[in-house]
Student: 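Before we start, here is the structure in question, set down as structure tokens.
As a basis for the values below, the full set of heavy atoms in this structure was taken, side chains included, without hydrogen atoms, waters or symmetry mates. Treat the numbers as computed from the prediction; the structure is a model and nothing was measured. Proteins come first, then strands; the chains are lettered A, B, ... in the order of their sequence lines, and each starts at number 1.
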Amino acid sequence: MLSKVPLPQQFDRLIVTGGIVTSVFVILILTILLILKFVGFISYTEVFFWLISSGMIIGALASVFLKNIVHAVFSLLAPLLGIVAIYLFLGSEFLALAQLLIYGGGVVILLLFALMMTDVQDNPVVIDGSQKPVGFIIAVLIGFVLLYSIFTADIEIATPSSLSLADLGSNIFTQFLIPFLLLGILLDIALTGALLNGKKHKNLQSSDSDE
Amino acid sequence: MNEIDGMLLVSLFLIPLLSAVFLMLVPSRERSFIIGFTGLSSFVMFIFSLYIFLSYDFSSTDQFQGIFAIPWVSDIGIIGLNGIQLKVGIDGIAAAMILLTGIVILAGTIVSWKITYRIKDFFILLYILVAGVFGTFAMLDLFFWFLLYETALLPMYLLIGVWGSTRKEYGAMKLMMMLVAGSILIFSAIFMIFTEAQLGSFDLELLATVDYNRNFQILVFPLIAIGCGTLGAMFPFHAWSPDGHASAPTAVSMLHAGVLMKLGAFGIIRLGFQLLPEGAAYWGPGLMFLGIVAALYGAVSALKQTDLKLMTGFSSISHMGYVFLGLGTYTVIGISGAVLQMFAHGVMTALFFLLIGAMYDQSHNRDIPNFSGLATKMPVWSIFFVIAGLASLGLPGLSGFVAELHIFIGVFQAYPIIGGLAVLTAAITATYLLRMFSTMFFGPVSSKWDKLNDMTYLERVSATILALSILFLGLWPSPWIDRIADSIQIGIPGALM
Amino acid sequence: MGLFSVIGMQQAWLLTIVPIFGFLIVALFGKRIPRQGDWIIAAVGIFCLFASISIIADFQSFFHGHGFEPNGANVLSFEWINIPNYLLIEYSTFVDSITIVMLFVVSLVGLMVVIYSIGYMQGEVRYHWYFSLLAFFLAAMFTLVTTGNLLQLYLAWEAVGLGSYLLIGFYWEKQSAAEAAKKAFITTRIGDVGLLIGILLLWRASGTFDIQTIIGLAEASYFDSTYLTISMIFLFFGAVGKSAQFPLHVWLPDAMEGPTPVSALIHAATMVVAGVYLVSRMLPIYELIPVAQNLILIIGLITALLAATMGLVSQDIKRVLAYSTVSQLGYMFVALGVGSLSAAMFHLFTHAFFKALLFLGSGSVIHATHKQEISSLGALKNKMPITFLTFTIGALSLAGIPPLAGFWSKDEILLYTGEFGSVFYGLLLFAALLTAIYSTRLVIMIFFGKPKDSEAYEHAHESPKIMNIPLIILAIFATVSGFFIFPFVGQLFGFDDGFMGIVYLYHPHVFHLEFTTMITAISISLLGVLLGYFYWFYEDGRRANNASKWAPEIYNLFLNKYYIDNFYQAFINKFVLGLASIIAWFDDKIVNRSGIDGSAQILNYVGYRLKFLQTGKIPNYVLMMSVGILLFSFILLINY
Amino acid sequence: MIPLENFLILSSILFCIGFYGVLSRKNAILILISVELMLAAVGINFVAFSSFYDTERYSGHIFALFVVAIAAAEVGLALGIIIRLFRERKTINIDEANELKW
């Protein structure tokens, strides 16, 4: 099974190609943002924000459009890590940390493991789906609805405030204690479920066939 | 009647419900216990219904008596104060219908004791059905009214599908589909009224105080009329009736033709006439037209039927046509006649189905030309059958005549020509019944049916109960008419023309 | 008279109640009572006769001078149905002169028939059932004649119909009896539709069912005349059905399937005259509307003639008598049509006795020989002398030979018809001639000549006493009841103007001898008797046979009852059942197959097609879901 | 100082991309990835609104935290199912798991 893991030289190529593409995009976007800055539309902070955001968007697009599954999973890293920065912008260090650990560290690895176990090498290319165009139209329309409502909404001007870890902790363990405990139970159940589901158990199958 | 009687009304539909629950706990091998228990239970129901009928208070000027309410949902969302409550109360119409139910369930229970296949389950379903029927007649809250209305319908499917005969799956399916389709109309009408009234309450008495917009009434009344009319086998929504009756087991046919079909007409009075008087006045001629068409149509169709139950089914359509005819007149006499006809037809048709069942259980044949000389073979059976038949063809002195007379008078007040057709229908009824009599009962005794026995004692008892009711109503109808007319004069002011 | 003063006019309801109790007791427990309870019914019959006579006596005490003013003493009522301000239906009795004539007829003939039946029905199955039905019929008939309102009249009207139905179908094992019962009930029921429509139309205009009130209103020109005409014609239609008038006369000959005493009671003396009674009761109104009255006259005349010709050729004793009954009822309607209530009631009175006598006599013959066809009877006069004598009295009375009862009453009708118009008079005379011919034929064929069926002849014997006594009593009445026409007979009973004065309250007629009419009538009757004698007595009726061969078309026309029955049968088979087939087809194919099953099948098909939307592919579902989300979001966007 | 709109726009874009991914992809793992994207977008929204307006309770933050946790659980379970699916039918093409059809 290990033989199916991507070989180091393929990693090199991936990193090199990805690096070149990324830096081209970064330079391009950075230029546009800086122009916007100097025209006076946005501030430096916003330049920084949109730089990260464009990275996230590009990563997301890549993960959705790339045909190679492994590439797609790796591209997911960009939005997941970008969110960490966004959370930091919003002043929530703990969430950023959690996001980094869980997504960057856990989820992607898990996905890669799953890829590994499901023998994706045999059919690395996703079969073309017939509902792609429809899906595209729907996605665009939903985007239109969302953006339209954002732009037409009367958003009260406010300043974001950062959330200290202590505040978060006290909130969770006082007001949201019960949901938090329930969440723990949920995770427990999910873990057990995943275990049972992934396990090869002969007797369950036989009882299935009985029914 | 006072509040204690109101509690009696609640208990009237709790008794069958609790009996059904209790029966679930009884092991089904305890056959004699089940028989004894259902006998007791149905007898108690009969006594209660009789008491409720007799304790009707003529001095009261309120429309409903014995009102008793338990609040249930109040002040939540769109539901306002006392929005949904278990509110019972009766007027003379409901009192008559409750008595009818009491009589029919007593007779129906007694004849059902001979069932051998899953008798316990049969009674559970039957009693749930009866609970629904009693509840619908007594309920003054539209929410519960509809709930119990449906409760009365749904067990029918299983009762016909499991214990029925001939094309039972088809009959059960057809019946259920059409009735549920009708219920949808009633349901939407109830909610339209609820929304239009903007009281946030399902209380019938409160809703009746609202003056609805005339156009609204004209729009909504047909929903109720068609919805309830489907259950009342109103032309052209009658198609379920012959098939359903033909395939239903005896007690179910009795209850269904005897009582459940009356729920439809009762619904038109309760919802249509009381809430939407202008709509009722507007659609009255239409109802009359459908009524007379149904009366003629059913009678003429019955001429051609050879299956005894199908014939009775068409005869029911014809008689329910009279009910709609009477309702359509929208006069005190006409509506009284319609309610009387509901009672009269209920008892009479229950007797019909009982007798057909008594014979079918032995012969497994209902084809009229197959029989001959049964009057010699089964004299008691034949006498009862002739009594029911004569009541059906409107012979004076029996229940059918009193009811038909009121309807005819009501119709003659407005439309003599329709009245003439209605009277003619009675003659057609006589034709098909007498054809049947002369083929089946009279003539030489056919050796094919040597093994037929006369009715058993149980059947005789329940047939006697029904036959006495027929005679009683026919000879001394005042107890009914006084109550019904009193209630109509108080409750349906639109009819006081 | 002290004995009779117990039961007055107000107690007329006893006449309903007592027979009803007799009926209930005998019907329910008859099998357990000694003699199956026939004595109970006989006692009931005796009570009814006693009560009738005492009511007549009471009536007489209210009879002052030349008239009887209806007052409270003859009315009893209580509310049966009462919806205040809307509907009031009472149970009421009303006794007047028409009632007392009917009362006497019904109770006397009823008692005779009950007594006769004890002998005639001996050993029959369902013996108690027969007697209980007789009591039921009597109760209904008494209710009918004592009623004060139209609705109660309708009730009793239907009840006598039921009694008749059950008694005609008494031998129900015979298919023909079952068919006859059905035919009788349905035919009269068709008439009853008219009756009920008429009653309801009258109610609609007047708001009451009370007969005297309606008559009063009509005389005060309360009703619109066209409306009244229509209602009264409908009412008359009921009488047509019950009294077996053309075109609804077809049931009465078939009704002879019932036991013979029943034919005497119901289908000769009492029930069939209910129509006459009804029209008599309403005659004050009919006199206001010439159209309806002329209709009565014409219908009566047609019936009298048609039935007489049919009676001429019929081969069955009872059928001949039935046709004769129909014909005589036609006479009564003619009398009513020309406005002579007294003549009609008088004919009703005499006819009841001699026709009941004839029927009971024929019953006696049938009882002895078990044959009904006159072709297999003959030469019975020595074997059954009493039957022969009484039957002959009845037949001559029917033929109108003086001084028997039939002569006087028929003469009255002829007299008033003669005053009305000569065409009617001539036709009625012709009918009288035919009547005389067929009554003679009947007597000759049964009692004279040679025995045609030796077995029946050998078997024949005189009937037991219990059957002969009623025959003799009725023969006496058939002889003397005509004398009621003379004023002195009436005066003997305390009525100043005699019978004519009793019956016709409104313009009393006093009987006077009109010699021209009388002599014409007598000569016509004698001519008829002679013709009958001439044709059937000599050479075993060869002349009669030749006569039937002389004009076979007419003979067949008479024999086949003018094809009216066939026409009705065809009408029912082709039209009514055809219509029923069409509607049954419509119900099956259009309503059920297309309407209900069809829509179910459409739903089924749509469902079958739609199920392929359920691809099982999750992306498809997600797509659908997202379309829904999109729609909802657009709705939200538009609303906010 | 970044206005709220920016966060919302970003989250909308991410959400739509994820949505498209869910609709168009056939590979179960890639659908899962797209779902993760959508969840991330929603998380941004929560946190943004919360830190701009709900400065008392920060329920948005906590909600986002819960979302993260639930997403983790979900991924674990979903991957289990996917592996199971693969084991049963040797493919994770979601079009071929169409037992639920008519």
Student: Determine the minimum heavy-atom distance between C:Leu637 and A:Ser149, stating which atoms define it.
Tutor: CD1-CB, 4.2 Å
Student: Does atom CZ of A:Phe136 have more than 12 heavy-atom neighbours from other groups under 6.0 Å away?
Tutor: no
Student: Please find the pair of heavy atoms, one from C:Leu630 and one from A:Ile138, that lie closest to each other, and give the distance.
Tutor: CD1-O, 4.3 Å
Student: When rounded to the nearest 0.5 angstrom, what distance separates CD1 in C:Ile629 from CG in A:Leu141?
Tutor: 13.0 Å
Student: Could you give the distance from CZ (C:Phe634) to CZ (A:Phe144), rounded to the nearest 0.5 Å?
Tutor: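 CZ of A:Phe144 is found 6.0 Å from CZ of C:Phe634.
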Student: Side-chain atoms of residues 127-135 of chain C: list all donor-acceptor pairs with protein atoms under 3.5 Å, sequence neighbours left out, distances to 0.1 Å.
Tutor:
{"residue": "C:Tyr127", "atom": "OH", "partner": "C:Asp38", "partner atom": "OD2", "Å": "2.7"}
{"residue": "C:His128", "atom": "ND1", "partner": "C:Gln36", "partner atom": "OE1", "Å": "3.4"}
{"residue": "C:Tyr130", "atom": "OH", "partner": "C:Ser117", "partner atom": "OG", "Å": "2.9"}
{"residue": "C:Ser132", "atom": "OG", "partner": "C:His128", "partner atom": "O", "Å": "3.2"}
{"residue": "C:Ser132", "atom": "OG", "partner": "C:Trp129", "partner atom": "O", "Å": "2.8"}

Student: Has C:Leu610 got more than 12 heavy atoms of other residues, nucleotides or ligands less than 6.0 Å from its CG?
Tutor: yes
Student: For residues 162-174 of chain C, pull every pair meeting salt bridge (charged side-chain N to carboxylate O under 4.0 Å, His left out), keeping only residues two or more places apart or in separate chains.
Tutor: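 Those involving residues 162-174 of chain C are C:Arg126-C:Glu173, C:Lys174-C:Glu257.
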